[in-house]
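Input: a single structure, listed below in structure tokens.
Heads up: numbering here begins at 1 and tracks the sequence. Computed from a predicted structure; not experimentally measured.
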Amino acid sequence: MASPIRAILFDKDGTLLDFEATWGGVAEATIRHLAPDAGSAAAMAEAAGYDPATKRFRAGSAIVAGASHEVARLWARWRPDLGTEAIEAYLNTLSIETSGPATLVPAVPEMAGLLGRLKASGLALGVATHDSEQAARAQLHELGVLSLFSFIAGYDSGYGLKPGPGMLRAFASATGIAVTEIAMVGDSIHDLAMIANAGGGLAVGVLSGPAGADDLSEHADHILPSIAGLPALLDLD
């Protein structure tokens, strides 16, 4: 495609990171830690859209698309003694503490080289995630790519949540690039719908998260197996 795109805003989990390989074990350990009994653990997993038997997440589930406070609010019904705020704080701390090489699995090999190539081509790069901003920065630092991004927004950065337009518009403002010249790349409907809600741009779905092509097709201008296809899509090859 002859692309007018001057910037790319990436989702993190399922887009830059392989969602299930990175967070499946963490989700199980978190539920075991929080659940008061085995029955509650099964119910908490079901409510959040995680299947311990297959170790897979349901597309669009709370863990996949929701922010930490949304998952905390969901699980608080089984832990009223803790409450939403304490569970949210625990989830955010856990996300930071598990941001090490043993946990983080990039969605593509040589991700740093790929992102470096995109940046070297003149594209501004940003991240919009429903993880906390602090956790996102810690994880991107661990992956060796933090310096490549000029903008990072988490659910707690003050721009609202996806699919609302706030994160994308903040990225546009921070870079001085028009929304119509930004590509949003993500693995969920929430990611892709943000483009339309912000007033334009390019919606690129990737299949490196729980969602399939059928889940994303209504909201995507293009669907790629992973971010590895971006150079060809943007005519950088």
H69 and L161: CA distance, side-chain angles, deciding distance, side chain to side chain contact (heavy atoms under 4.5 Å, CB included) verdict = CA-CA 11 Å; H69 70 278; L161 301 180; 3.8 Å; yes
Does I96 offer a backbone N or O that forms a donor-acceptor pair with the side chain of Q134 under 3.5 Å?
-> no
Going from CZ on F10 to OG1 on T129, what distance comes out if it is rounded to the nearest 0.5 angstrom?
-> 13.5 Å
Can you pull the side-chain hydrogen bond (donor to acceptor under 3.5 Å, both in side chains) pairs that have at least one residue in residues 171-181, sequence neighbours excluded?
-> R6-E181
Is a side-chain N or O of H190 found less than 3.5 angstrom from the main chain of P163, in a donor-acceptor match?
-> no
Atom pair CG/OG of L224 and S208 - distance to nearest 0.5 Å | 9.5 Å
Determine, using the 4.5 Å side-chain heavy-atom cutoff (strictly less than), whether L140 and I227 are members of one ILVMFWY cluster.
-> yes
Do you know which two heavy atoms are closest between V179 and G199, and how far apart they sit?
-> CG1-C, 4.2 Å
Could you give me the CA-CA distance, side-chain angles and deciding distance for L34 and W78, then say whether side chain to side chain contact (heavy atoms under 4.5 Å, CB included) is met?
-> CA-CA 9 Å; L34 291 174; W78 288 278; over 6 Å; no
Only pairs at least two apart or in different chains count here, so list each salt bridge (Lys or Arg N to Asp or Glu O under 4.0 Å) that has a residue in residues 103-115.
-> none
Could you tell me whether the side chain of I182 reaches within less than 4.5 Å of the side chain of I177, counting heavy atoms only?
-> yes
How would you list, by chain and number, every residue that makes a side-chain contact (heavy atoms from CB on, under 4.5 Å) with I195, sequence neighbours excluded?
-> L168, M184, A203
Distance, nearest 0.5 Å, that separates CD of E46 from OG of S61 | 10.0 Å
Report yes if the side chains of R56 and P210 come closer than 4.5 Å at any heavy-atom pair, otherwise no.
-> no
Which pair of heavy atoms, one from A62 and one from L74, lies closest together, and at what distance?
-> CB-CD2, 3.9 Å
Got D191 and H130 here, is their nearest side-chain heavy-atom distance under 4.5 Å?
-> no
How close do G205 and A220 get, heavy atom to heavy atom, and via which atoms?
-> N-CB, 4.1 Å
Set of residues satisfying side-chain hydrogen bond (donor to acceptor under 3.5 Å, both in side chains) with respect to R79, sequence neighbours excluded | D81
Are L230 and L17 grouped together when hydrophobic residues (ILVMFWY) are joined by side-chain heavy atoms under 4.5 angstrom apart?
-> yes
In Å, rounded to the nearest 0.5 Å, how long is the span from CG of L236 to CD1 of I5?
-> 11.0 Å
Among all residues two or more places apart in sequence or in another chain, which pass the side-chain contact (heavy atoms from CB on, under 4.5 Å) test with S226?
-> V108, A228
Shortest non-hydrogen separation from A124 to F171 and the atoms involved | O-CZ, 3.8 Å
Do the side chains of L146 and M167 join up, straight or via other hydrophobic residues, at under 4.5 Å, putting them in one cluster?
-> no
If you take all heavy atoms of L148 and A112, which pair is closest and at what distance?
-> CD1-O, 4.0 Å
Taking atom CG of D187 and atom CD1 of I223, what is their separation to the nearest 0.5 Å?
-> 12.0 Å
Give every donor-acceptor pair under 3.5 Å between a side-chain atom in residues 149-158 and any protein atom, sequence neighbours left out.
unit_1: S150; atom_1: OG; unit_2: L125; atom_2: O; d: 3.3
unit_1: Y155; atom_1: OH; unit_2: E88; atom_2: OE2; d: 2.5
unit_1: Y155; atom_1: OH; unit_2: N92; atom_2: ND2; d: 2.7
unit_1: D156; atom_1: OD1; unit_2: E133; atom_2: N; d: 3.0
unit_1: S157; atom_1: OG; unit_2: E133; atom_2: OE1; d: 2.5
unit_1: S157; atom_1: OG; unit_2: G154; atom_2: N; d: 2.8
unit_1: S157; atom_1: OG; unit_2: G154; atom_2: O; d: 3.4

Using distance only, find each side-chain donor-acceptor pair of residues 24-33 under 3.5 Å and give its atom names and separation, not counting sequence neighbours.
unit_1: E28; atom_1: OE2; unit_2: Y50; atom_2: OH; d: 2.8
unit_1: E28; atom_1: OE2; unit_2: K55; atom_2: NZ; d: 2.7
unit_1: T30; atom_1: OG1; unit_2: V26; atom_2: O; d: 2.7

May I ask you to test the R58-V64 pair for a side-chain heavy-atom distance under 4.5 Å?
-> no
Looking only at atom types and distance, does a side-chain atom of S121 sit under 3.5 Å from a main-chain N or O of L118, one as donor and one as acceptor?
-> yes
Okay, side chain of K162, backbone of A65: is any donor-acceptor separation there less than 3.5 Å?
-> no
Are Y90 and M44 connected in the hydrophobic side-chain network, where two residues link if heavy atoms are under 4.5 Å apart?
-> yes
Quick one: side-chain contact (heavy atoms from CB on, under 4.5 Å) partners of A86, sequence neighbours excluded?
-> L82
With S40 via side-chain hydrogen bond (donor to acceptor under 3.5 Å, both in side chains) - residues at least two apart | D37
Residues that A196 engages under side-chain contact (heavy atoms from CB on, under 4.5 Å), provided they are two or more places apart = none
Report yes or no: do F57 and L16 belong to one cluster of Ile/Leu/Val/Met/Phe/Trp/Tyr joined by side chain heavy-atom distances under 4.5 Å?
-> yes
Say you draw a straight line from OG of S217 to NE2 of H222; how long is it, rounded to the nearest 0.5 Å?
-> 14.0 Å
Would you say the side chains of Q139 and S95 form a donor-acceptor pair under 3.5 Å?
-> yes
Are the side chains of V71 and L91 in touch, meaning some heavy atoms are under 4.5 Å apart?
-> yes
Identify, with sequence neighbours excluded, every residue that meets side-chain hydrogen bond (donor to acceptor under 3.5 Å, both in side chains) alongside T54.
-> D51
Are side-chain heavy atoms of V204 and I8 found at a separation under 4.5 Å?
-> no
So, for L216 and A211, which heavy atoms are closest and what is the spacing to 0.1 Å?
-> CD2-CB, 3.9 Å
Only counting residues at least two apart or in another chain, list the ones meeting side-chain hydrogen bond (donor to acceptor under 3.5 Å, both in side chains) with D13.
-> W23
Is V206 close to D11 at the side-chain level, that is, under 4.5 Å between some pair of heavy atoms?
-> no
Test item: T22 side-chain N/O and V105 main-chain N/O as donor-acceptor pair under 3.5 Å | yes
